[in-house]
Asks: 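What follows is a single structure, and I will ask about it in a moment.
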There are 2 protein chains.
Amino acid sequence: MIRGKTDRSETASQQGLKAKRANRAGNLADHVYTSLRRAIIEQALAPGTKLPEDSVGTSFGVSRTVVRSAIVRLVAEGLMVQQPNMRATVASPSLEEARAIFRVRRGLERMVLEELMPRLERSHLTRLRAHVASEEQAKRHSEPETIRLSGEFHLLLAQFTGNELLIRYVSEVVSRGSLILALYGRPHSSECAVNEHLTLIDAMEKGDLAEAVRLMDEHLVAVATRGLLDTDVKRERSLQDILSAYRPAGEG
Amino acid sequence: MIRGKTDRSETASQQGLKAKRANRAGNLADHVYTSLRRAIIEQALAPGTKLPEDSVGTSFGVSRTVVRSAIVRLVAEGLMVQQPNMRATVASPSLEEARAIFRVRRGLERMVLEELMPRLERSHLTRLRAHVASEEQAKRHSEPETIRLSGEFHLLLAQFTGNELLIRYVSEVVSRGSLILALYGRPHSSECAVNEHLTLIDAMEKGDLAEAVRLMDEHLVAVATRGLLDTDVKRERSLQDILSAYRPAGEG
DNA sequence: CTGAAAATAAATGTATACAGTTTTCGTGTT
DNA sequence: AACACGAAAACTGTATACATTTATTTTCAG
């Protein structure tokens, strides 16, 4: 079949495309990347879930090309894995790997504190406390929200350092942490974390680096070990169904 | 023009493709990724160099599709930067960024030592010393080789930990370190490093973690500060010219 | 019925087409 | 001679086509 010039503009997917593009120039791939990422972190896409490029593309109203580059990034980041000629899947780290990741995370978060403490501002403390407040609020109604916010607390800390690379790395280990909790964590494991966040902030306010590092370490060990038992299998849902919630995505 | 079915198999690029594929299934993109990466690390592609997808594709005898995904990875890794609709370029970190990267690197390499020292084996020491030997040998004839080997020493250390994530992160900061030295480093700055590698190995052999960490820190600070002056501009070469050296790539 | 082999369907790898953006370059104006 | 302007060239973003490879189902022998 000879593809006419105007052919493409009639496609349904093309319309969706244009809608998105009106909002923001050129980053369809970014959008898919961000959405998939969030879906994984919020555990809507369970570890091991297979993500065929076609299906994902259909869900977002984009072509495989776009999905592909999003997946490449996710794989590079360790949130997905892929073997040649096979469907990419949401990463499903072994316990061994999980532990290794948490060890790295401990080191990274120590670095965060070491970078941040000398230049800590009052506004930082305020924002951290505000964040913890919203964590507390989310705790009582939304499980995925809680998970996300709990991770974002650590991300916030990293962001205050202003060190781009550190931010990226922390962001990665935090994401993968969520993934790991999705795999091995018990249902309400993030619950206790809120208090630990608060005591950490207190230590920071006192300017006690050593104590802050100790608390952070403790906190992370706690988070890491709170997982292990209760490997309850998530019920199956259709891919289209799951991703439909991530399509609108009114993010800033 | 209507594309006939057999049309593609006649293309020159297609022939090149098949040749590659005979060697190894499916990972054309990997090949391009690896090659570009090496070219950047060995400073054949200077920071700031623009890499149009077309040209790179032509150099390697592949299509833009392939180049694109390689570039996405390089960007994710921080070795290249890209703004929408603009050509991707080899990253050219500012001094500020460079320092931030080296701070992270120090933290990471400390983690490496902390993970490795408790489980250090005699064979590790042997291999490290062997590596330093080849560094010394390369030192007298090949500048890019020296740079690469110097980085690989640190990568080797990381690999001994067996911690995949740590390996990846160290690998990244080491690569970007090369990039930074390419930008701000003086010609023979890597020269002195060999001795520092040796004393570090000695400390490790003694099982003295604290001393090893101290030496590593010192070493990295030295490497970082050895750059700064002498920002001599590299002479221009054609892209095709540079990349042609990376096309064969008889890697294992 | 069970299990292996063949046929079908589903996905990936890769190349290419085309529209829309930047870059580049030449031209005319002050 | 510098500068704005506009057309041409160079690129990127995205969709789509086709060959291969992997997954699934069907078919058929035992």
Side-chain angles (χ1 to χ4, degrees), chain A residues 1-33 49-73 75 80-89 239, chain B residues 1-33 49-58 60-73 75 80-89 239-240:
Chain A
M1 182 250 254
I2 309 166
R3 218 174 50 250
K5 281 188 184 173
T6 56
D7 206 16
R8 286 168 58 249
S9 52
E10 316 256 327
T11 325
S13 59
Q14 194 70 0
Q15 292 178 330
L17 190 162
K18 270 187 193 147
K20 292 282 153 42
R21 266 223 271 163
N23 295 340
R24 244 193 193 233
N27 20 359
L28 270 188
D30 271 16
H31 171 67
V32 174
Y33 163 77
T49 307
K50 294 187 168 80
L51 292 182
E53 295 166 6
D54 270 338
S55 321
V56 177
T58 307
S59 282
F60 288 101
V62 301
S63 78
R64 274 182 58 210
T65 309
V66 170
V67 176
R68 197 143 232 280
S69 89
I71 288 183
V72 168
R73 277 166 74 183
V75 169
M80 299 188 66
V81 294
Q82 192 177 29
Q83 283 181 314
N85 284 313
M86 292 191 201
R87 286 170 281 183
T89 67
L239 191 60
Chain B
M1 182 252 251
I2 310 164
R3 220 173 48 251
K5 281 189 184 172
T6 56
D7 206 15
R8 287 168 57 249
S9 52
E10 317 257 326
T11 324
S13 58
Q14 193 71 358
Q15 293 179 329
L17 189 162
K18 272 187 194 147
K20 292 281 153 45
R21 263 223 272 166
N23 295 340
R24 243 198 196 229
N27 20 359
L28 272 187
D30 272 16
H31 171 66
V32 173
Y33 163 77
T49 307
K50 293 187 169 78
L51 292 182
E53 296 167 5
D54 269 338
S55 322
V56 177
T58 308
F60 287 100
V62 300
S63 79
R64 273 182 59 209
T65 308
V66 171
V67 175
R68 198 145 231 279
S69 89
I71 288 183
V72 169
R73 278 167 73 184
V75 169
M80 299 188 66
V81 294
Q82 191 177 30
Q83 283 181 314
N85 284 314
M86 293 190 200
R87 287 169 282 183
T89 67
L239 190 60
Q240 307 297 322

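Letters A, B, ... mirror the listed sequences (proteins, then strands); counts begin at 1.
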Asks: Atom OH in Tyr33(A), atom CG in Asn27(A): separation rounded to 0.5 Å?
Replies: 13.0 Å
Asks: For Asn27(A) and dG20(C), what is the distance between atoms CG and P respectively, to the nearest whole Å?
Replies: 17 Å
Asks: Could you tell me if the side chain of Asp30(B) sits less than 4.5 Å from the side chain of Arg73(B), heavy atoms only?
Replies: yes
Asks: Going by the salt bridge (charged side-chain N to carboxylate O under 4.0 Å, His left out) test, which pairs reach into residues 51-62 of chain A, not counting sequence neighbours?
Replies: Glu53(A)-Arg64(A), Glu53(A)-Arg68(A)
Asks: Between the protein and nucleotides 7-12 of chain D, which nitrogen or oxygen pairs are less than 3.5 angstrom apart?
Replies:
from    : atom 1 : to       : atom 2 : distance (Å)
dT12(D) : OP2    : Glu53(B) : N      : 3.1
dT12(D) : O3'    : Asn85(B) : N      : 3.3

Asks: Respond yes when some side-chain nitrogen or oxygen of Ser63(A) is under 4.0 Å from OP1 or OP2 of dA15(D), and no when none is.
Replies: yes
Asks: For Leu28(B) and dA19(D), give me the distance from atom CG to atom P, rounded to whole Å.
Replies: 17 Å
Asks: For Val66(B) and Lys50(B), find the nucleotide of DNA chain C closest to each by heavy atoms; which residue's nucleotide sits nearer the 5' end?
Replies: Val66(B)
Asks: Applying side-chain contact (heavy atoms from CB on, under 4.5 Å), name anything that partners Ser63(A), two or more places apart in sequence or on another chain.
Replies: Thr65(A), Val66(A)
Asks: Residues two or more places apart in sequence or in another chain: which of them pass salt bridge (Lys or Arg N to Asp or Glu O under 4.0 Å) with Arg87(A)?
Replies: none
Asks: To the nearest 0.5 Å, how far apart are CD in Gln82(B) and CD1 in Ile71(B)?
Replies: 6.5 Å
